[in-house]
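Remember, it's a predicted structure, so these values are computed and weren't measured experimentally. Counting starts at 1 for both ligands and their atoms, following the listed order.
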Amino acid sequence: MSITIKTPAEIEKMRLAGRLAGEVLDYIGPFVKPGVTTEELDRLCHDYMIEVQGCIPAPLHYAPPGYSPYPKSICASVNHQVCHGIPNERPLKKGDIVNLDITTIKESWHGDSSRMFVVGDASIMAKRLVRVTHECLWIGIAQVKPGTRLGNIGAAIQRHAEANGFSVVREFCGHGIGRKFHEEPQVLHYGKGNEGPIMEPGMVFTIEPMINAGKAAISELADGWTIVTRDRSLSAQWEHTITVTADGVEVLTLSADAPANPFPT
Ligand code: MF3
Ligand code: CO
Ligand code: CO
């Protein structure tokens with residue numbers, strides 16, 4: 001399979017799926033407080049998606065080749081967990097940083113977005129990691145333009161992460177998205193500029209940098225899903241779904257409370 005180009009009517013459906021993913025994050029934010037468990041956050045998001053939004057949580061029972069079916073409706077990755085953290089009964093505590101990753105399916109189309117939440121307050125270092133990773137997301141988005149190459153995204157993200165003393169996770173990347181959760185192309189968050197496929201209007205993909213405070217290496221836990229930093233340093237991630245437009249980029253997963261682009265033009 002190659003990179004699919006979405007029609008304007010298909011992009012319109014992906015706008016809806018994308019906005020709904022953003023709105024789940026808006027909804028859940030106020031619940032992310034000391035004492036709440038990620039299992040409770042999962043249940044709240046699950047019920048909101050099904051009952052309020054009339055959409056399907058894409059992670060639930062998702063089983064790519066080589067994986068057991070994912071058991072929950074959201075991913076919740078705390079502190080040194082990089083991604084794909086499975087919600088559990090451990091209460092969050094003040095100072096934790098947590099990524100909540102939401103993927104909706106609305107009328108067969110997917111929307112995928114994640115944000116970081118700081119529980120109560122956190123260390124200066126943890127907050128800097130969260131901020132710089134958000135900057136990395138938007139620096140990547142700023143590279144999206146028809147006629148230029150996908151590798152520019154990763155090159156810009158890597159430069160910013162490493163200039164701040166952080167490292168980029170290599171094993172997971174952004175991805176094309178549409179009728180399928182994960183499609184071509186792979187969107188690397190590191191690498192050389194002016195490499196890779198040429199961006200064309202109608203392409204839809206995610207940018208979702210995972211940035212570690214320590215070394216880039218990761219391990220997978222015995223649950224078969226949760227990814228952690230090998231050195232147990234903190235990790236952060238932010239994600240948007242975007243489409244390439246005739247003259248630049250449109251972010252499909254914006255919503256009322258989505259943190260703004262830190263580099264408005
Ligand atoms: N939402 C994740 C991504 O950004 C994928 C999660 S797969 C799951 O690609 F099964 F863990 F949900
Ligand atoms: Co994604
Ligand atoms: Co995601």
For atom 12 (F) of ligand 1, what is the nearest protein heavy atom, given as residue, atom name and distance?
Pro59 CB, 3.0 Å

Check Arg15 with Glu250, please: is the shortest side-chain N to carboxylate O separation under 4.0 Å?
yes

What does the angle at the Co ion (ligand 3) come to, between atom OD1 of Asp112 and atom OE1 of Glu239, rounded to 10°?
90°

Short N/O/S contact of His175 with the Co ion (ligand 2) (below 2.8 Å):
yes

In short, side-chain hydrogen bond (donor to acceptor under 3.5 Å, both in side chains) pairs touching residues 147-161 with sequence neighbours left out are Glu135-His160, Gln158-Glu162

Check each heavy atom of Phe181 against ligand 1 and say whether those closer than 4.0 Å belong to the side chain, the backbone, both or neither.
side chain

Any His175 heavy atom less than 4.0 Å to ligand 1
yes

Flag the pair His182 / Tyr62 as yes when their ring centroid distance falls below 6.0 Å, and as no otherwise.
yes

I need the minimum non-hydrogen distance between Lys106 and Gly54, along with the two atoms involved.
NZ-O, 3.2 Å

For atom 9 (O) of ligand 1, the protein heavy atom that lies nearest, with its residue and separation
His182 NE2, 2.8 Å

Protein heavy-atom partner closest to atom 2 (C) of ligand 1 - residue, atom, separation in Å
Asp101 OD2, 3.3 Å

min-distance N/O/S atom, Glu208 vs the Co ion (ligand 2), resolves to OE2

Got an N/O contact under 3.5 Å between Trp225 and ligand 1?
no

Is a salt bridge present between Arg19 and Glu23, judged by a nitrogen-to-oxygen distance below 4.0 Å?
yes

Side chain to side chain, Lys93 and Pro34, heavy atoms closer than 4.5 Å:
no

Checking the N or O distance criterion of under 3.5 Å, is ligand 1 in contact with Tyr70?
no

Can you tell me the protein heavy atom closest to atom 4 (O) of ligand 1 and the distance?
Glu208 OE1, 2.8 Å

Using a 4.0 Å heavy-atom cut-off, say whether Thr206 meets ligand 1 through its side chain, its backbone, both or neither.
neither

Go through the side-chain N and O atoms of Asn99 and Ser114 and say whether any donor and acceptor fall under 3.5 Å apart.
yes

Can you find a side-chain donor-acceptor pair between Asp26 and Ser255 that sits under 3.5 Å?
yes

Does ligand 1 come near enough to Glu239 that some N or O of the ligand is less than 3.5 Å from an N or O of the residue?
yes

Can you check whether Tyr62 has an N/O within less than 3.5 Å of an N/O in ligand 1?
no

Do any heavy atoms of Thr103 fall under 4.0 Å from ligand 1?
yes

Answer yes or no: is there an ion pair linking Arg115 with Asp257, defined by an N-O contact shorter than 4.0 Å?
no

Subset of ligand 1 atoms that lie under 4.0 Å from at least one heavy atom of Asp112:
1 (N), 3 (C), 4 (O), 9 (O)

Does a donor on one side chain sit under 3.5 Å from an acceptor on the other, for Asp231 and His80?
no

As a check for students: among Cys75, Ala58, Ala63, identify the option with a heavy atom nearest to atom 11 (F) of ligand 1.
Cys75

Side chain to side chain, Gln53 and Tyr48, heavy atoms closer than 4.5 Å
yes

